[in-house]
Structures are given as structure tokens and as C-alpha cells.
Amino acid sequence: MAIALAGLWILALWSIFYGWHLGSVGLVDETEPLFVEAARQMTVTGDWITPYFNGETRFDKPPLIYWGIAIFNGIIGANEWSARLPSALSALALMVGGFCTLWNFVPAAEAVESGDKTALSKKLESWGLDGRWWTAALGAAIIGLTPETIVWGRAGVSDMLLSACIGSSLFAFFWGYATAERSPKMRWYWVSYLAIALGILTKGPIGFVLPALIIFCFGLYLGELGTIWREIKPWRGLALILAIALPWYVAIITIHGQTYIDSFFGYHNFSRFTRVVNQHAAPWYFYFIVVAVGFLPWSVSLPWSIARLNLLNRNAWINRPRRDRLRLFAGFWLIAIFGFFSIAVTKLPSYVLPAMPAAALLVTFLVRDIWTGHWDDTPRSPRPGTNSFLNSSKTWGFRASHWVLVATFALLTVGFIASPLWLPTIRDPDMPNIAIALGQSGLLPRATVVFAAATVFSALAILKDRDRHLSLITGLTLVVFFITTAMPIIFLLDSQRQQPLREISVAAVQTRQPNEPLVMAGFNKPSMAFYTQQPMHFFKRLTDAQRSMAQPTWPEPGKTPAGDHAQPSTTVLLVVGDDKYKEANLAAIPTGKPIARIGEYHLLRIPRTDLANHEPPPDE
């Protein structure tokens, strides 16, 4: 019964936050279509070694995410669902892994509720729903219900898959570490090595570096490096990792040689760590902000959860049994990833995504202590009154973090109330009317009601000494906000930003003549390559396109796998934004034929020679 209810619980949460409308909105430029179209190209060309986008090699990431998307393409077709299912299923894997790990390793003495059990409590325990089960259920919910995880779990990119690989390897390592029997211990270590190999096939060396760094720091702190080294049989593990991950790297290096080595290992790995790449610079405190926002609302309890590790009292952890060190392991998991990417020069919000499961475990342990009334292995007496935290050095942190949660809900309420003040400041050339659309949608007042209710009920729970209810209030707030506000906002953003591109792509496919170049000038939206499923010519400036059209031949974009070249065409299909259309005075070309205007985009058919000879304003 307990296992069945656990499955229903996790599946219900996953269905709401990940499965619901997963493929109902278009691919989001600029990163997502690069992955998805490269995966589609694998199914078209039959080349499962080299990823291509729009005829050019794409060496940014190894192939596992492309393979995953391509497999689902073959099952359900090349669409948004197949593009995002690998990420969504990766989030599900983390939720299941977190649940099973907590259920198995929450210390028994700390999982028992204090006080007399009600008839309902006894009935639930007869089904196996004891303190361990509830702690595991909470942990699975926190892992899955954070903005950072939800965003990347609903995107067709490699970040969530990497997080699942790293998380699975670390969960499996701890199962092996905490298991006494030799044979099951080694089986878990083999699972950990397998997940590391898959991580290397997802994003390269980082799939090995992060788990190794976390395990090293954990073992060093406990003085068990030698013991762990002997247990995990690293040379056998390395052989397994190489057997799984190395063949693809050998194959692609054999095909592309130094070009691949310089691009992937040099630019996309070493350079990202040592210097700013693609203008992704950020201050040293960048990830404090990312975690604070990306882990909301649970991040308000994270500082106290980390402080409670009490790392200065090393002997207390050394004297604990291995299976009771999950909280400590989660602490090093979070700190090591956070520190590693804080040192790296290039910074992106998704880099710390693999740390989110660890943060969830730490907060889960904190909330569990509130439920059970236990500190470490020593139970504390029930609080006699609402202000008793002032008299207890062990409870003030609980209440402080709780009031910060109330303040966070209150700030969100005030922020949505003040939306008429900040909406006009939104400037997005891809969505020029988004501020007006949001203001007229009625969604922001709806969010105000949700967070105002959360503020009131959270404050009442604290004042009435019902701390245990805060988790329920927080979870319900997230569910209601996501269903009533967040998802409708996603649809609204899609209608403003991506839907015009999808519709202009359909118009281009319907009207394109054989060998007619499809040109995008003045902006670059890779989603058009996916939705047209035809070669696209991207030019940063219209004058660059004109110079290319003046040439006697017109090669396909990049070098296609087959090395094909199109025959010259007398006309081109040109896609430009409204601002570029006006700046370049394209309406003055008498032979130009407007095909469609959708949103901010114009689709025109223009003779190549006429467009090449057109003289736009000098500042174009």
C-alpha cells in the first residue's frame, strides 16, 4: 500500500508540474530549438554520431540528449512533446530517487512523531505511512516543486538530464556507502558509475568532475578517503565509465579530429571555466541570487538548514552510523557544486541545477525536525506557547525562517499589487505588446489573491503554533499558483513570442518554391529551422544577406552531412522583423511580393538581384 501511494503521490505532482501541457507551447528561442532540431536531423540523416543544426556541426554538447529526443521523435513524432519528455522524465527520476533515499535512510528514532497517536495516525501507519514515508513524500515534493527545476524540467535542453545523471550517481553512491553487506554495496557503486558515464555523454567531463568532487570532500571531512577508495574499486569503475562513454568520443574525434577537440573540450569546457564565454559574465554572488530565487519558496529555510549541519562539530558526524549521514552528504553535495561554479568565470543559472536535489534534502530534514520535535537524536519538549522560541536556542532558527517565508509571500503580494507600476518598464522587442497583454489578462490580480492568502494562513499557522502546517500551505500555494496563474502566463508569453514564428514558418513552407532560399535577416530565431524543417540562412544584418545574394551561387547553410548545394534561384523568401522592414524601406522594392505579416514578422518574396541592389538607409 505504501509503495502504491508513493507512486500515486509522485506521479500526481509530476503530472501537474511537468506532464500538464508539456508540449502545448512552442519551442523557446534561442537555445531549445538548437537541441531539438539537431536531434531531428539525426533521424533524418541517420547520422547518430555527429549532431548537426541547419547544416552545421553542433559540438556544444555530447549526444545523449539528442539521442533521447530522437528516440521519442520516432515514437510520437518530431514535436514539442518528444523534445521535452527526456527532461521531464529526468525530473521524475530525481523525485523517485529522492523519495526512495529518504524513505530508506531517515533515522528511525527521528521519524517517530511525539505525543499520542490519533486513530487516523494509527490507520495510516498500518498502511506503512509512518514518519519515514511522510518525510520521503515531502522530499520528493520539494525536489520537484521549485522554479529552477520546473523551468529546466519542461525544456528540451540537456541541463535536467545532466542533473538526473549526477543526482542518480550520488543517490546510488550513498546507498552503497550506507549498506553494510558487501555484494549490495558494490552493486550500488556500479549504478553510480553507470550514471556518471551517462552524465559524461550528456555534458562531458562535468558529469564526472562534480560527483568525484562531492565524494572527495565528503570522505575528506570524515577522514574516510582511504576506506571509500578501497570500497568503490575505482579502477573497475573507471573501466566501466570508459566502456560506456568513450566509444562515442573516439568516433567523433576520428571523424572531426582537432576541430572537435578545440570546440568541445577547449571552448565549451575549459574556456567556460577560465574566461567569460558568450558574454555570460556575472558577479561572485550570482549563484546566491539564483538559488534564492530558483529554490523559492523553500530557499527561505535553506540557510538554517545548512547551519544545522554544524560542520565544526566533526566528531559528532564521525560517531554517527553511516546510514545516518545523509544530511551531511547532502550538505557537501550542495556546497561543492555551489563553490565549483562560483569559481568558474562563465556563469549561467542552469549550472547549479544539479545542486537543487541536495538543497531539497536539507530542507526536508529541517521540516522533518519540526514535525517530529527531534533535534539530532534528542527529542525536544513541545513548545508551551507562541513565543517560546525566544527561550530556546534550538528553535529560534525555525521561527526566523518561518517568518521569512511569510515575508516572502507578503512581498510577492505587494509586487503583484504594484504591477501597474512595473509593467510599463517591460521592454522586449520580440514581444512589444506583452505589458499590455499581461495588464489586460487579469492574471496578476489572480496571483495577488493566491499569495495574499498564503501570507495570511502562514502567519496564522505560526502564531497558533502550527508549524507543521506550513509545508502543506506552501505546497498548496505552489499548486494553485501554477495552475491558475503560471501556466496561463506561459500560454500568454507563447502567443506573443513564439506563435508568430510558428505561423510565419507555416506560411513559408506553404509558399516556398523549389530551391528558393529561405532567409532570415536582422535576427536569429533557430525555431524556424525546426518548424520549417528546411535549411535557413541567418544573417545578422540585411547588408550581409545582400552581399551573399550578389554571388553567382547559393550554397546550402553550412555544410550539410551530404555536402549538398542548392541550384541558384531567381527569388528569395525573406523573413524580417517589423523594425528592420521599416528601417531598410523594403516596401520600396517594386518587385517585392508580401506573403504574410504575423505579429512583428514580415514574409516577402523578392527577386535576388533586386534585393541585392536595394539600397537601405546608411545606418542599417
Side-chain angles (χ1 to χ4, degrees), residues 22-23 25-45 47-73 78-88 90 151-163 201-204 206 248 252 256 259-260 263-264 267-269 271-272 277-280 346 348-351 353 430 494 497-498 501-502 504-505 508 518-520 522-540 556-561 575:
L22 179 65
V25 296
L27 301 180
V28 180
D29 287 303
E30 277 70 29
T31 305
E32 192 178 26
L34 298 174
F35 284 90
V36 179
E37 173 61 10
R40 191 190 69 83
Q41 281 296 313
M42 284 187 168
T43 62
V44 170
T45 64
D47 184 349
W48 290 71
I49 301 298
T50 304
Y52 287 91
F53 173 80
N54 198 39
E56 297 182 353
T57 54
R58 176 168 165 77
F59 293 151
D60 297 45
K61 301 294 181 292
L64 192 59
I65 185 62
Y66 304 123
W67 291 346
I69 296 173
I71 289 171
F72 282 112
N73 284 349
N79 52 46
E80 292 86 352
W81 282 96
S82 61
R84 293 165 179 154
L85 269 175
S87 295
S90 296
V151 167
W152 298 112
R154 297 179 64 94
V157 295
S158 61
D159 298 274
M160 183 53 69
L161 181 57
L162 175 69
S163 182
L201 283 174
T202 300
K203 248 188 174 180
I206 200 69
W248 178 82
I252 197 165
H256 299 283
T259 301
Y260 177 80
S263 176
F264 179 71
Y267 181 77
H268 290 291
N269 283 269
S271 292
R272 285 179 181 269
V277 171
N278 294 336
Q279 299 179 336
H280 294 310
T346 298
L348 284 170
S350 61
Y351 285 178
L353 180 63
D430 294 330
D494 178 69
R497 193 178 198 273
Q498 296 302 133
L501 286 167
R502 295 197 300 274
I504 208 81
S505 297
L518 186 52
V519 177
M520 182 180 292
F523 65 104
N524 187 343
K525 299 297 180 185
S527 63
M528 285 198 67
F530 175 78
Y531 287 113
T532 62
Q533 297 189 3
Q534 302 191 27
M536 293 286 302
H537 299 266
F538 296 107
F539 294 99
K540 185 177 181 180
E556 292 292 323
K559 293 183 179 179
T560 65
V575 183

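Note that the numbering runs from 1 along the sequence shown for the chain.
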Is the side chain of [X] donor-acceptor paired with the backbone N or O of [Y] at a distance under 3.5 Å, no angle test?
X: Trp67; Y: Trp48; value: yes
X: Asn79; Y: Ser82; value: yes
X: Trp248; Y: Ile49; value: yes

Compare every heavy atom of [Y] with every heavy atom of [X], then report the nearest pair and how far apart it is.
X: Thr202; Y: Ser158; answer: CG2-O, 3.7 Å
X: Ala39; Y: Tyr66; answer: CB-O, 3.5 Å
X: Ile65; Y: Val157; answer: CD1-O, 3.5 Å
X: Pro526; Y: Pro33; answer: C-CB, 3.7 Å
X: Val36; Y: Gly156; answer: CG2-O, 4.0 Å
X: Phe59; Y: Ile252; answer: CE2-CD1, 4.1 Å

Go through Tyr531 and Leu501 one step at a time and tell me if the side-chain contact (heavy atoms from CB on, under 4.5 Å) criterion holds. CA-CA 9 Å; Tyr531 287 113; Leu501 286 167; over 6 Å; no

A side-chain contact here means heavy atoms from C-beta on lying under 4.5 Å apart; do [X] and [Y] qualify?
X: Leu353; Y: Met160; answer: yes
X: Met42; Y: Pro51; answer: yes
X: Phe35; Y: Glu32; answer: no
X: Pro86; Y: Leu161; answer: no
X: Trp152; Y: Ser163; answer: no

What class does the angle between the rings of Phe538 and Phe53 fall in, given that below 30° is parallel, 30 to 60° is tilted and above 60° is perpendicular?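 Plane angle under 30°, so parallel.
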
Of all residues at least two apart in sequence or in a different chain, which pass the salt bridge (charged side-chain N to carboxylate O under 4.0 Å, His left out) check with [X]?
X: Arg40; value: Glu37
X: Asp430; value: Arg497, Lys525
X: Glu80; value: none

Might you work through the side-chain hydrogen bond (donor to acceptor under 3.5 Å, both in side chains) test for Thr57 and His256, ending with a clear yes or no? CA-CA 10 Å; Thr57 54; His256 299 283; 5.7 Å; no

Check for me whether Arg84 meets the cation-pi criterion with Phe72, that is, NZ or CZ under 6.0 Å from the six-membered ring centre and within 45 degrees of the ring axis.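 Arg84 over Phe72 ring: no.
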
Pairwise distance CG(Asp159) to OG(Ser87) - rounded to 0.5 angstrom: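 Going from the CG atom of Asp159 to the OG atom of Ser87 covers 8.0 Å.
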
Separation between CG of Asn54 and NE2 of His537, rounded to the nearest 0.5 Å: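 So the CG of Asn54 and the NE2 of His537 are separated by 8.0 Å.
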
Arg502 and its side-chain contact (heavy atoms from CB on, under 4.5 Å) partner, picked from Val25, Leu27, Asp494: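 Of all the options given, the one that passes is Asp494.
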
Passing option when Ser505 is tested against Val575, Thr532, Leu518 for side-chain contact (heavy atoms from CB on, under 4.5 Å):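 Result for side-chain contact (heavy atoms from CB on, under 4.5 Å) with Ser505: Thr532.
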
Start with the C-alpha distance between Tyr351 and Thr346, add both sets of side-chain angles, then the distance that settles side-chain contact (heavy atoms from CB on, under 4.5 Å), and finish with yes or no. CA-CA 10 Å; Tyr351 285 178; Thr346 298; 4.0 Å; yes

Could you walk me through whether Lys540 and Asn524 pass the side-chain contact (heavy atoms from CB on, under 4.5 Å) check? CA-CA 7 Å; Lys540 185 177 181 180; Asn524 187 343; over 6 Å; no

